[in-house]
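Keep in mind it's a predicted model, so treat the numbers as computed, not measured. Proteins come first, then strands; the chains are lettered A, B, ... in the order of their sequence lines, and each starts at number 1.
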Amino acid sequence: MAQQGLTSFFESFLKRDPLFRQKKVLQDTYTPEEILHRDDEIKQIANVLAPALRMERPSNLFLYGKTGTGKTLCAIYTTNHIIQVAQDKGIPIRIVYLNCKLRRVADTEYRLFAQVLGELDMQVPATGLPTEEIYNLFVKVIEQKKQIFILILDEIDQLLKKTGDGIIYNLTRLNTQLKNSQISLIGISNDVMFIDNIDPRARSSLSEEEITFAPYNALQLQEILRRRSKIAFKEGVLDEGVIEKCAAYAAREHGDARRALELLRVAGEIAERQESPKVTIEHIDIAEDKIERDRVLDIIAQQPKQQQAALHAIIALAEKRPEIIYTGEVYEVYQKLCPEMGLRPLTQRRLSDILAELDMLGIINAKVISKGRFGRTREISLAISEQTADKIKKILEKG
DNA sequence: GTCAATTCACATGAAAGAGACCACGGTCTAGTG
DNA sequence: CTAGACCGTGGTCTCTTTCATGTGAATTGACGA
């Protein structure tokens with residue numbers, strides 16, 4: 001019986017008219033033909049990179065701006081074009097793009113070089129070799145022929161935070177060793193503060209040129225959404241005001257275009273699932289909710305056991321007393337909780353770091369305060385809705 | 001009442017250890033001709 | 001003779017612990033008005 005129901009479900013699914021024409025246009029892997037409202041930035045990038053076509057080393061370039069302001073998109077877009085020209089004219093330019101944020105990709109010096117070598121068709125082991133060797137191998141590969149080598153490091157702040165700024169120094173110093181080739185760097189960061197916190201020498205060599213990406217405003221977001229939705233959705237599927245609302249939501253969150261597009265896509269998916277003939281404003285609200293919850297649940301599922309235990313302790317405390325919680329209390333509850341979860345309790349020192357990590361992930365709000373005579377501690381509160389916290393608790397209790 | 005010293009409860013840093021993972025080279029073993 | 005299994009060594013990387021140092025304001029207590 002249930003199976004029959006399933007068959008008819010699939011059949012009616014097929015019969016149903018999809019709202020989407022090309023969903024992939026709304027996904028963030030998609031590179032549009034034309035980038036709106038970023039003409040100046042693209043021109044600037046092109047200006048900096050153009051000397052490469054004359055086999056001169058382009059200045060190192062540093063792009064920064066908040067997430068979803070099109071930094072990566074513009075960088076890739078521009079470099080794609082340059083590569084095309086270079087290929088037509090037979091100019092040896094090599095561009096490698098790396099995202100340093102993804103774990104296990106390029107968050108250490110070793111892995112950075114390993115990744116780059118991988119891009120250059122040189123497979124190297126993920127670990128086990130001395131960094132020095134990888135470094136030399138990299139130099140050898142680059143030096144094989146005369147070329148301009150451009151390395152795009154996305155989310156470079158993550159890399160530098162972990163490895164220190166010596167890596168920039170190494171990379172720029174490399175140019176004095178190289179005879180045939182030249183390397184330039186394009187650093188991309190969405191942490192505006194981070195550039196102030198690195199060594200001034202590294203800073204000046206990294207950002208010989210600097211471009212700031214301002215957030216999109218609501219009107220610009222609307223245009224972007226309109227342009228994309230024309231391709232992504234069938235005609236007349238979007239209800240009045242849907243795009244405006246999407247744009248408004250995203251503009252509130254520092255003009256994040258990626259978020260706006262995701263919102264629209266998820267809203268579309270929800271509408272489709274509800275067999276609604278149109279995407280309405282209500283769908284946006286549901287989508288907003290769902291995205292947030294999915295994001296949080298996803299992050300938590302990926303966390304190691306210890307982090308989960310810490311979060312469990314915080315949720316347990318927050319349930320009892322919704323006011324503010326302090327580090328010491330969390331540690332007490334956490335210690336009791338550990339044996340239940342089959343864990344060995346860590347030191348308070350470590351828990352302190354874990355709390356800071358959870359804060360970074362946006363799951364909790366933790367602020368260091370001084371209570372004067374009564375010491376210094378973190379003021380902790382949950383940064384997620386009660387329903388989400390409840391859901392998390394159930395998942396954590398199941399183990 | 002004012003002001004500097006004190007004090008608390010952690011935060012924050014640095015260094016070092018444990019254990020997982022991996023490559024590499026050498027040795028051993030079994031299978032093959 | 002050779003391919004493959006099986007060490008031991010040396011390397012990276014992540015997560016932790018240990019030890020040390022830092023920190024900001026409420027509190028205290030001395031001081032003077």
Contact string for nucleotides 7-16 of chain B, one letter per nucleotide 5' to 3', B = base within protein heavy-atom range under 4.0 Å, S = sugar-phosphate only, - = neither, reads BBBSSBB---
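- Legend: salt bridge (Lys or Arg N to Asp or Glu O under 4.0 Å) pairs involving residues 325-347 of chain A, not counting sequence neighbours, sorted by first then second residue: A:Arg321-A:Glu329.
- A:Glu143 and A:Lys140 are not joined by a salt bridge, as no carboxylate oxygen comes within less than 4.0 angstrom of a charged side-chain nitrogen.
- Between A:Arg350 and the phosphate of C:dT16, there is a side-chain N or O to OP1/OP2 separation shorter than 4.0 Å.
- Looking at A:Thr67 and A:Asn190, their side chains never bring a donor and an acceptor atom within 3.5 Å of each other.
- The line from CG of A:Asn99 to CD1 of A:Ile156 is 11.5 Å long, rounded to the nearest 0.5 Å.
- One interatomic measurement links the two molecules: CD of A:Gln306 to P of B:dA18, which rounds to 19 Å at whole-angstrom precision.
- The side-chain tip of A:Arg38 points at the ring of A:Tyr216 from less than 6.0 angstrom away and within 45° of straight on.
- Remark: A:Thr347 is not in phosphate contact with C:dT16, judged by side-chain N or O atoms under 4.0 Å from OP1 or OP2.
- Note: CG (A:Leu346) to C1' (C:dT18) measures 14 Å, nearest angstrom.
- A:Tyr331 places its OH atom 12 Å from the P atom of C:dT16, with the value rounded to the nearest Å.
- For A:Glu272, there are no salt bridge (Lys or Arg N to Asp or Glu O under 4.0 Å) partners, not counting sequence neighbours.
- Rounded to an integer number of Å, the gap from CG of A:Leu112 to C1' of C:dC13 is 15 Å.
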